Amino acid sequence: MNDFIHAIPKAELHIHIEGTLEPELMFELAVKNGIALPFKSIDDARQAYNFSDLQSFLDIYYQGADVLINEDDFYQLTWSYLQKAAAQNVRHTEIFFDPQTHTARGVKFETVAQGIHRALKDAGQKLNLSSKLIMCFLRHLNAAEAMDTLEAALPFQKLIAAVGLDSSELGNPPEKFMAVFDRARKKGFKVVAHAGEEGPPDYIWQALNLLKAERIDHGVRCLEDTALVEHLVKTQIPLTVCPLSNVKLRVFDDMKQHNLKRMLDLGLCVTVNSDDPAYFGGYIEENFQALQTALKLDHQDIFKLARNAFQASFLSLTEKEKHLDELEQFVYGFGEQ
Ligand code: HPA
Ligand code: ZN
């Protein structure tokens, strides 16, 4: 089963590039850029990655991102992630970035976007790994700041496929960002939003009805609302679930309590993703493995999850077909062994 999980072609749709900053690179960049870190050592940093909820994680995550200053830093961060993803047979990835975390420290939007983009382009050429970029607004900041960020992004629009919404969910409902998402849609951006991670099912409804989200990030709390589940099954709006994240941030007490298998069996379009792998203890393959062991997923479940991810991506129909063909051939070939 572990070989199957490793080798199956995968797409990853919920990954924050700042959340892939491993302590080793964090320390290297801190020294290079002369930034003081709140950790004494790499081990000390890993020890501190013990969270009680989303906010306790975000506080540490934003501190870590302070070491990212130059375009090359963003390149190196992204390239390190892409190499790991390719080694786990990820064929396509849709990456979040949080421009406000950087522009607030005086780093230019362009520095962030170009550094990430250059690595994505190299991965397309050297790693057989395609990608899209999703710009997230920080929901703990106000709507006017999100609108300013959207304006700053417009000159780089050809690098960015979609907009999203992340950071502290409770108390920051999607409705706060209706105007900025309206404008983003009019400009041609696709739309996703984090909802129903810690927030109630109503936040998922708002993301769908008010922001017109085409995908919901996390969404695990949807099971508390039968009408919502029915709607999500009917529309096949994808839910990008992040199992290790959910356990680390105590959305579920342990992996055995995770509701992903129930979601899958209800016919929801769920996918498996790593969210912030440097902080949560694993990349996409480790997420699949932890889930499979705890929930006793079978080969069909894994196949379905991998298939959902390609279908839920923002790739063109032709590109999706190509990946789905590869996936089917892989599964067929694996059965023959
Ligand atoms: N939720 C909200 N904001 C985030 C997350 C998350 O899981 N990861 C990084 N920013
Ligand atoms: Zn996330």
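Computed from a predicted structure; not experimentally measured. In listed order, ligands and their atoms are each counted from 1.
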Query raised in the report: So, Asn308 versus Thr271: side-chain donor-acceptor pair below 3.5 Å or not?
Result: no
Query raised in the report: What number of protein N, O or S atoms occur at distances under 2.8 Å from the Zn ion (ligand 2)?
Result: 4
Query raised in the report: With a 4.0 Å cut-off, would you call Lys261 and Asp301 a salt bridge?
Result: yes
Query raised in the report: Could Arg221 and Glu198 be called an ion pair, given the rule that one side-chain N must be under 4.0 Å from one carboxylate O?
Result: no
Query raised in the report: Does the cation-pi check pass for Arg250 over Phe57, that is, NZ or CZ under 6.0 Å from the six-membered ring centre and within 45° of its axis?
Result: no
Query raised in the report: Is the His16 to Phe97 ring centre distance short of 6.0 Å?
Result: no
Query - Donor on one side chain, acceptor on other, Glu286 and Gln88, under 3.5 Å - result: yes
Query raised in the report: Met255 versus Leu244: any side-chain heavy-atom pair under 4.5 Å?
Result: yes
Query raised in the report: Could you give the distance from CG (Asn172) to CG (Leu165), rounded to the nearest 0.5 Å?
Result: 8.5 Å
Put together the list of close N/O pairs, under 3.5 Å, between ligand 1 and the protein, could you?
{"from": "ligand 1", "atom 1": "1 (N)", "to": "Glu197", "atom 2": "OE1", "distance (Å)": "2.8"}
{"from": "ligand 1", "atom 1": "3 (N)", "to": "Ser167", "atom 2": "N", "distance (Å)": "2.8"}
{"from": "ligand 1", "atom 1": "7 (O)", "to": "Glu197", "atom 2": "OE2", "distance (Å)": "3.0"}
{"from": "ligand 1", "atom 1": "7 (O)", "to": "His218", "atom 2": "NE2", "distance (Å)": "3.1"}
{"from": "ligand 1", "atom 1": "7 (O)", "to": "Asp275", "atom 2": "OD2", "distance (Å)": "2.7"}
{"from": "ligand 1", "atom 1": "8 (N)", "to": "His16", "atom 2": "NE2", "distance (Å)": "3.3"}
{"from": "ligand 1", "atom 1": "8 (N)", "to": "Asp276", "atom 2": "OD2", "distance (Å)": "2.7"}

Query raised in the report: Is the shortest distance from a Lys or Arg side-chain nitrogen in Glu94 or Arg215 to a carboxylate oxygen in the other one below 4.0 Å?
Result: yes
